[in-house]
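What's counted below: heavy atoms across the whole structure, side chains too, no hydrogens, waters or symmetry copies. Here, residue 1 is the first one in the sequence, and each next residue gets the next number. Just so you know, these numbers come straight off a predicted model, no measurement behind them.
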Amino acid sequence: VQLQASGGGSVQAGGSLRLSCAASGRTYAMGWFRQAPGKEREFAAAIGWRNFRTSYADSVKGRFTISRDNAEDMLYLQMNSLKPEDSAVYFCAASRRRTDGTSRPNEYDYWGQGTQVTVSS
């Protein structure tokens, strides 16, 4: 399975972006992670396969919304009220066996190539 992330760009603080991730085949739990320059990759949001149960990092809770369309094999991340500290490369990830979303990156088997998000103050 291949994942293709898109939708990144440059916005001013307070703005919004919607990231998309297209999967080439069936996936189960999916998530979004992000990595800023000089920092480790960190969890942003995750969603379960059929229950669509979501989880978020505290830093994005209330501002980001993760969703998916299983019929289209698509994953989304709606990002509102963006802050400069949200600037990072955002990666989508998917599991080939786990059905509940998780913040642990080693539970995911497939990773997209990343899409850059830059938020200016």
Side-chain angles (χ1 to χ4, degrees):
V1 174
Q2 294 184 330
L3 303 179
Q4 181 72 40
S6 62
S10 297
V11 296
Q12 290 191 328
S16 298
L17 282 174
R18 188 192 194 208
L19 304 184
S20 299
C21 177
S24 63
R26 165 73 65 84
T27 58
Y28 294 92
M30 300 188 79
W32 288 97
F33 290 76
R34 64 187 186 182
Q35 187 168 18
K39 296 186 177 181
E40 293 187 354
R41 189 172 299 189
E42 65 174 13
F43 168 73
I47 187 167
W49 176 45
R50 283 185 173 175
N51 59 25
F52 298 94
R53 188 174 296 131
T54 59
S55 59
Y56 298 92
D58 288 343
S59 59
V60 308
K61 199 173 295 183
R63 299 186 299 120
F64 290 11
T65 302
I66 188 172
S67 62
R68 67 188 295 168
D69 183 338
N70 289 344
E72 298 294 330
D73 294 320
M74 292 293 297
L75 175 72
Y76 303 99
L77 186 68
Q78 177 66 43
M79 305 186 295
N80 298 328
S81 302
L82 282 162
K83 304 174 181 180
E85 50 265 43
D86 294 319
S87 297
V89 177
Y90 283 71
F91 300 89
C92 56
S95 175
R96 63 171 178 242
R97 55 189 178 275
R98 185 184 176 97
T99 56
D100 287 334
T102 177
S103 61
R104 295 189 293 271
N106 60 354
E107 295 281 348
Y108 294 96
D109 303 290
Y110 310 110
W111 291 83
Q113 84 290 359
T115 184
Q116 177 70 48
V117 171
T118 303
V119 184
S120 58
S121 57

Review point. Would you say R63's side chain and S81's backbone share a donor-acceptor pair under 3.5 angstrom?
Key: yes

Practice item. May I ask you to test the R18-Y76 pair for a side-chain heavy-atom distance under 4.5 Å? Key: yes

Practice item. State whether the number of non-hydrogen atoms from other residues, nucleotides or ligands found under 6.0 Å of Q116 atom CD is greater than 12. Key: yes

Review point. Which value, rounded to the nearest 0.5 Å, describes the distance between M30 atom CE and C21 atom SG?
Key: 4.5 Å

Check your understanding: Do you know which two heavy atoms are closest between T65 and Y56, and how far apart they sit?
Key -> CA-OH, 3.4 Å

Practice item. Of all the heavy-atom pairs spanning A44 and V60, show the shortest one and how long it is. Key: O-CG2, 3.3 Å

Review point. Is Y110 reachable from F43 through a run of hydrophobic residues whose side-chain heavy atoms are each under 4.5 Å from the next?
Key: no

Study note, to complete from the structure: When rounded to the nearest 0.5 Å, the distance separating CZ of F52 from CG of D69 is 8.0 Å

Point to revise | Same apolar cluster (I L V M F W Y, side chains within < 4.5 Å links), L75/V1 | key: yes

Practice item. For the pair K83 and D86, find out whether any cationic side-chain nitrogen is under 4.0 Å from an anionic carboxylate oxygen. Key: no

**Study point:** Within-4.5 Å side-chain heavy-atom neighbours: R68 and T27
**Key:** yes

**Study point:** Contact check, side chains of W111 and L3, non-hydrogen atoms, under 4.5 Å
**Key:** no

**Study point:** Heavy-atom pair of closest approach, residues A13 and P84
**Key:** CB-CD, 4.1 Å

Exercise for review: Side-chain contact test, heavy atoms from C-beta onward, threshold under 4.5 Å: evaluate it for R34 versus R41 and give yes or no.
Suggested key: no

**Study point:** Smallest separation among heavy atoms of I66 and G31, with atom names
**Key:** CD1-CA, 4.3 Å

Practice item. Would you confirm whether S87, through its side chain, and V119, through its main-chain N or O, come within 3.5 Å as a donor-acceptor pair? Key: yes

Practice item. Examine distances only and state if a side-chain atom of T115 and a backbone atom of G8 form a donor-acceptor pair shorter than 3.5 Å. Key: yes

**Study point:** Check: M79 and W32 side chains under 4.5 Å, non-hydrogen atoms
**Key:** no

Point to revise | F64 side chain near L82 side chain, heavy-atom distance below 4.5 Å | key: yes

Review point. Are any side-chain N or O atoms of S24 and backbone N or O atoms of Q2, one a donor and one an acceptor, separated by less than 3.5 Å?
Key: yes

**Study point:** is_close_aromatic(F33, Y108), centroid dist under 6.0 Å
**Key:** yes

Review point. Hey, what do you get for OG (S6) to CD (Q4), rounding to the nearest 0.5 Å?
Key: 7.0 Å

Check your understanding: Between atom CD of Q78 and atom OG of S20, what is the distance when rounded to the nearest 0.5 Å?
Key -> 9.5 Å

Check your understanding: When rounded to the nearest 0.5 angstrom, what is the spacing between CG in L77 and OG in S67?
Key -> 8.0 Å

I'd like a table of donor-acceptor pairs (distance under 3.5 Å, sequence neighbours excluded) in which one partner is a side-chain atom from residues 94-105, with atom names and distances.
unit_1: S95; atom_1: OG; unit_2: R97; atom_2: N; d: 3.2
unit_1: S95; atom_1: OG; unit_2: R98; atom_2: N; d: 2.8
unit_1: R97; atom_1: NH1; unit_2: D109; atom_2: OD1; d: 3.0
unit_1: R97; atom_1: NH1; unit_2: D109; atom_2: OD2; d: 3.3
unit_1: R98; atom_1: NE; unit_2: D100; atom_2: O; d: 2.7
unit_1: D100; atom_1: OD1; unit_2: N51; atom_2: ND2; d: 2.9
unit_1: T102; atom_1: OG1; unit_2: R104; atom_2: N; d: 3.1

